[in-house]
Chemist: 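The structure that follows is given in the form of structure tokens.
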Amino acid sequence: MSLPKEPRQKMINMMYIVLTALLALNVSAEILNAFQTVNTSISHSNEAITDKNNLTYKAFEANLNDQQTKAAAEIWAPKAMVAKRISGDVYDKIEDLKKRLKQESGLQVGKNGEEDYRIADLDAATRLMDNQGEGKKLFIDLKDYKQQLLDVLKPEEFAGQPLIQADVIKAKADFANQLPLNLEVPKSHSGNAGTGDSVKDWVTNYFHMTPTIAALTILSKFQNDIKNSESQMIDYLHKKIGEVKVVYDKFQVLAQASSNYVMPGDELDITAGVGAFSAAAKPVITINGQGQELGSDGTAEYKTKADGAGEHTVMVHITYTKPDGTPATVDKPVKYTVGLPSGASVFLEKMNVVYIGVDNPLTISGGSVGREKVHVSFTSPGASMSNTGGDHYVIKPTTPGLAKIIVNANGKNFTFDIRVKNLPLPAGFIGTKKGGAISTAEFKAIGGLQAHLEDSDFDAPFHVVSYKLGAIGGGIPQYTEASNEGVRWSGNAALIVSRATPGTNIFFDQIHVKGPDGKEREIAPMVFSLK
């Protein structure tokens, strides 16, 4: 079509284009921050696994230099070096992809080396991984790597040693099923149907219209899978060397999860034991309070299903005997993070509970799912819930207890536990004071008692129903008291206040207030000294 010549119409068209772009880039800041946190956590995990693998490679070097283990090490150590090389190659390729993805997102490096790029860019991952074909190359590289790692084990090399050959055959089959690197096409949470091309669907579901920080997290996750796969393989190869002559004066307790970032329903596998294990160590291992059977290598294996978004901790308790016969005990936490498909999230804007009788504002997001495909419900009996615009909601509950917010994002439910509580008790105030010394003139000028919540973000007004006012000292030689209805003192209570002079102590007791939840409650008494 022809372009409009009238300046006003040109401006309208330009504003429409800008608005469309802004809508396309409407990615929740909370989700982006969560991905940054997870990506940092995975990067730290990768560094820790690298350190652990380097210790194992040093052990291979020691085995090659020890006459007692040299013959066996010459068989298994070269295989470990192959695993190290192929793992390093594909890990470095992914690291290069991460750098290129940042460059696609406008990477700028400051003088102090700090990187700055558009973490919410929805087009960079699509351009690099889909349009430029790097996603397909990555899939092929990961698939080839997994097969090359399995091919490190060659059963045909042990044709004359049937027991070893049988063990290698079994180990290779186990690794084929258990290596953390999973290349299945992830389920689309935006309702996209598969094309029938598994590689294309794999690239699309991981990287199409994915924010840059999310794509970087996915790439870090693959690096984590590579490090864990390498670790499992070289640990098996090192174990095949057999008993090793070791000189040491310390034990290192080991506890390692199969992955540090999982999705709901994924299986989490935790291995725990004592480093440099020998039969004399006699470890006793419990994981999350459950006793574990030990394998022939002295380690325990614990499996559980990942559930509940966020960071989780599994406690490993190990007791063992040192070479000198003394007992030792170590507790070691193993942490992992459970992610959420589609990025659904609930953010309580005021605090981590909701209160009866007041409007509790929340931010609830379906992540990458469009707002029109997100439906929210609250299970607390009698509660009301309303949308105040965009991702913002208000909950007004009526019944205390544990409830759930259910976020349905494009047909998939995400459940968040929420505690419903009564409002805390307010405090009584005369002006801005809750008690203590106050001038006689100021006290009389204020003329009444008020009550409200302290240090609260909620607009929760409390109405003073009644109280007792008593006084002694100064112009009131004998203790005198009177009941009062409402906020301001009146009647006999007002007469008592009119007689008060410097030196009078005034007491407020049996203070009854009614909150926005309609409940009448008694709050703490107060004492004032007039001066």
Chemist: Looking at Lys200 and Asp197, does any basic side-chain N land under 4.0 Å from a carboxylate oxygen?
Modeler: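 No salt bridge links Lys200 with Asp197.
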Chemist: What's the separation between atom OG1 in Thr126 and atom CD in Gln132, rounded to the nearest 0.5 Å?
Modeler: 11.0 Å
Chemist: Could you tell me whether the side chain of Tyr393 reaches within less than 4.5 Å of the side chain of Thr388, counting heavy atoms only?
Modeler: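 Not in contact.
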Chemist: Check whether any side-chain heavy atom of His392 sits under 4.5 Å from a side-chain heavy atom of Asn387, and report yes or no.
Modeler: no
Chemist: If you round to the nearest 0.5 Å, how far is CD1 of Ile49 from NZ of Lys52?
Modeler: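 Answer for the NZ-CD1 pair, Lys52 versus Ile49, is 9.0 Å.
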Chemist: Would a 4.5 Å heavy-atom cut-off, applied to side chains only, mark Thr319 and Thr286 as touching?
Modeler: no
Chemist: Please, which pairs that meet ring pair (Phe, Tyr, Trp, His ring centres under 6.0 Å) have at least one residue in residues 109-148, sequence neighbours excluded?
Modeler: Phe139-Trp202
Chemist: Can you name the closest pair of heavy atoms from Ala83 and Val152 and give their distance?
Modeler: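 Ala83 and Val152 have their closest heavy atoms at N-CG2, 4.4 Å.
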Chemist: Decide yes or no on salt bridge (charged side-chain N to carboxylate O under 4.0 Å, His left out) for Lys70 and Asp66, but give the supporting numbers first.
Modeler: CA-CA 6 Å; Lys70 182 177 181 180; Asp66 191 328; over 6 Å; no
Chemist: Run Thr56 and Asp235 through side-chain contact (heavy atoms from CB on, under 4.5 Å) and show every step you take.
Modeler: CA-CA 7 Å; Thr56 305; Asp235 285 350; 3.8 Å; yes
Chemist: Is the backbone of Val109 close enough, under 3.5 Å, to the side chain of Glu115 for a donor and an acceptor to pair up by distance?
Modeler: no
Chemist: In plain terms, say whether Asp141 and Lys137 are close enough for a salt bridge, that is, a side-chain N and a carboxylate O under 4.0 Å apart.
Modeler: no
Chemist: If I compare all heavy atoms of Tyr206 with all of Thr210, which pair ends up nearest, and what's the gap?
Modeler: O-OG1, 3.0 Å
Chemist: Are Lys240 and Asp167 close enough for a salt bridge, meaning some N to O gap below 4.0 Å?
Modeler: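 Yes, this pair counts.
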Chemist: Indicate the atoms forming the closest heavy-atom contact of Asn360 with Pro397, along with that distance.
Modeler: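 Between these two residues, the closest heavy atoms are ND2-CD, 3.6 Å.
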Chemist: Looking only at the side chains, is there a donor atom on one of Glu114 and Gln108 sitting less than 3.5 Å from an acceptor on the other?
Modeler: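 There is no such pair between these side chains.
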Chemist: Are a donor atom and an acceptor atom from the side chains of Lys227 and Ser87 found within less than 3.5 Å of each other?
Modeler: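 Absent: no donor and acceptor within the cut-off.
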Chemist: So, are Asp89 and Lys93 salt-bridged, with charged N and O less than 4.0 Å apart?
Modeler: no
Chemist: Does Lys221 form a salt bridge (charged side-chain N to carboxylate O under 4.0 Å, His left out) with Asp225? I'd like the steps, not just the answer.
Modeler: CA-CA 6 Å; Lys221 167 71 164 59; Asp225 291 341; 3.2 Å; yes
Chemist: Kindly determine whether Ile285 and His317 satisfy side-chain contact (heavy atoms from CB on, under 4.5 Å), including the steps that lead there.
Modeler: CA-CA 6 Å; Ile285 300 174; His317 178 79; over 6 Å; no
Chemist: Do you know which two heavy atoms are closest between Met385 and Phe378, and how far apart they sit?
Modeler: SD-CB, 3.7 Å
Chemist: Given Leu138, which of Val90, Val199, Val203, Leu219 fulfils the side chain to side chain contact (heavy atoms under 4.5 Å, CB included) condition?
Modeler: Leu219
Chemist: How about Ser229 and Lys146: does a side-chain donor come under 3.5 Å of a side-chain acceptor?
Modeler: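 No pair is found: no donor N or O on one side chain lies under 3.5 Å from an acceptor on the other.
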Chemist: Checking Glu104 against Arg118 for the salt bridge (charged side-chain N to carboxylate O under 4.0 Å, His left out) test, could you report, in this order, the C-alpha distance in whole Å, the side-chain angles of both residues, the deciding distance, and whether it holds?
Modeler: CA-CA 9 Å; Glu104 287 284 340; Arg118 299 185 298 275; over 6 Å; no
Chemist: Should Thr212 and Leu101 count as side-chain neighbours, where that means a heavy-atom distance under 4.5 Å?
Modeler: yes
Chemist: So, are Arg127 and Glu134 salt-bridged, with charged N and O less than 4.0 Å apart?
Modeler: no
Chemist: May I ask you to decide if Ala124's main-chain N or O and Ser105's side chain share a donor-acceptor pair within less than 3.5 Å?
Modeler: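 No, the answer is negative, given that no donor and acceptor are paired below the 3.5 Å cut-off.
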Chemist: Determine, for Phe416 and Lys404, whether the Lys NZ or Arg CZ falls below 6.0 Å from the six-membered ring centre while staying within 45 degrees of the axis.
Modeler: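 No cation-pi geometry.
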Chemist: Take Asn205 and Val185 through the test side-chain contact (heavy atoms from CB on, under 4.5 Å) and record every step on the way to the result.
Modeler: CA-CA 8 Å; Asn205 290 353; Val185 177; 3.6 Å; yes
Chemist: For the backbone of His208 and the side chain of Thr204, can you confirm whether one donor and one acceptor N or O come within less than 3.5 Å of each other?
Modeler: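 No, Thr204 side chain to His208 backbone: no donor-acceptor pair under 3.5 Å.
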Chemist: Can you confirm whether more than 12 heavy atoms, excluding those of Lys98, are under 6.0 Å from its NZ atom?
Modeler: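 More than 12 within 6.0 Å, yes.
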Chemist: For the residue pair Leu149 and Leu181, establish whether any side-chain heavy-atom pair is separated by less than 4.5 Å.
Modeler: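 SC-SC contact between Leu149 and Leu181 ruled out.
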Chemist: Which heavy-atom pair separates Lys172 from Asp151 by the least distance, and what is that distance?
Modeler: NZ-OD1, 3.5 Å
Chemist: To the nearest 0.5 angstrom, please state how far the OG1 atom of Thr329 sits from the CD1 atom of Ile318.
Modeler: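 Here the rounded value is 10.0 Å.
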Chemist: Hey, is Glu230 close enough to Lys84 for a salt bridge, meaning N to O under 4.0 Å?
Modeler: no
Chemist: Rounded to the nearest 0.5 Å, how far does CD of Gln165 lie from NZ of Lys170?
Modeler: 15.5 Å
Chemist: Can you measure from NZ (Lys99) to CG (Leu216) and round to the nearest 0.5 angstrom?
Modeler: 13.5 Å
Chemist: Taking it one step at a time, do Asn224 and Ser45 satisfy side chain to side chain donor-acceptor pair (under 3.5 Å)?
Modeler: CA-CA 7 Å; Asn224 185 264; Ser45 171; 3.2 Å; yes
Chemist: Using only heavy-atom distances, determine whether the side chains of Asn65 and Glu61 contain a donor-acceptor pair under 3.5 Å.
Modeler: no
Chemist: Distance check, rounded to the nearest 0.5 Å: Leu55 atom CG versus Thr50 atom OG1?
Modeler: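 Between atom CG of Leu55 and atom OG1 of Thr50 there are 11.0 Å.
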Chemist: Would a 4.5 Å heavy-atom cut-off, applied to side chains only, mark Val420 and Val353 as touching?
Modeler: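 No, side chains not in contact.
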Chemist: Answer yes or no: is there a side-chain heavy-atom contact under 4.5 Å between Met233 and Phe175?
Modeler: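 Answer yes - side chains close enough.
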Chemist: According to side chain to side chain donor-acceptor pair (under 3.5 Å), who are the partners of Glu47, at least two apart in sequence or on a separate chain?
Modeler: none
Chemist: Within the structure provided, determine whether Pro211 and Asp121 are in side-chain contact (heavy-atom separation under 4.5 Å).
Modeler: no
Chemist: Specify the closest pair of heavy atoms between Phe222 and Asn182, including all atoms of both residues, with the distance to one decimal.
Modeler: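 Scanning both residues, the minimum pair turns out to be CE2-O, 4.4 Å.
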Chemist: Does atom CD of Glu156 have more than 12 heavy-atom neighbours, drawn from other residues, nucleotides or ligands, at distances under 6.0 Å?
Modeler: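 Count over threshold, so yes.
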Chemist: Going through the checks in order, is the side-chain contact (heavy atoms from CB on, under 4.5 Å) test met by Met209 and Asp123?
Modeler: CA-CA 6 Å; Met209 291 299 289; Asp123 295 321; 4.0 Å; yes
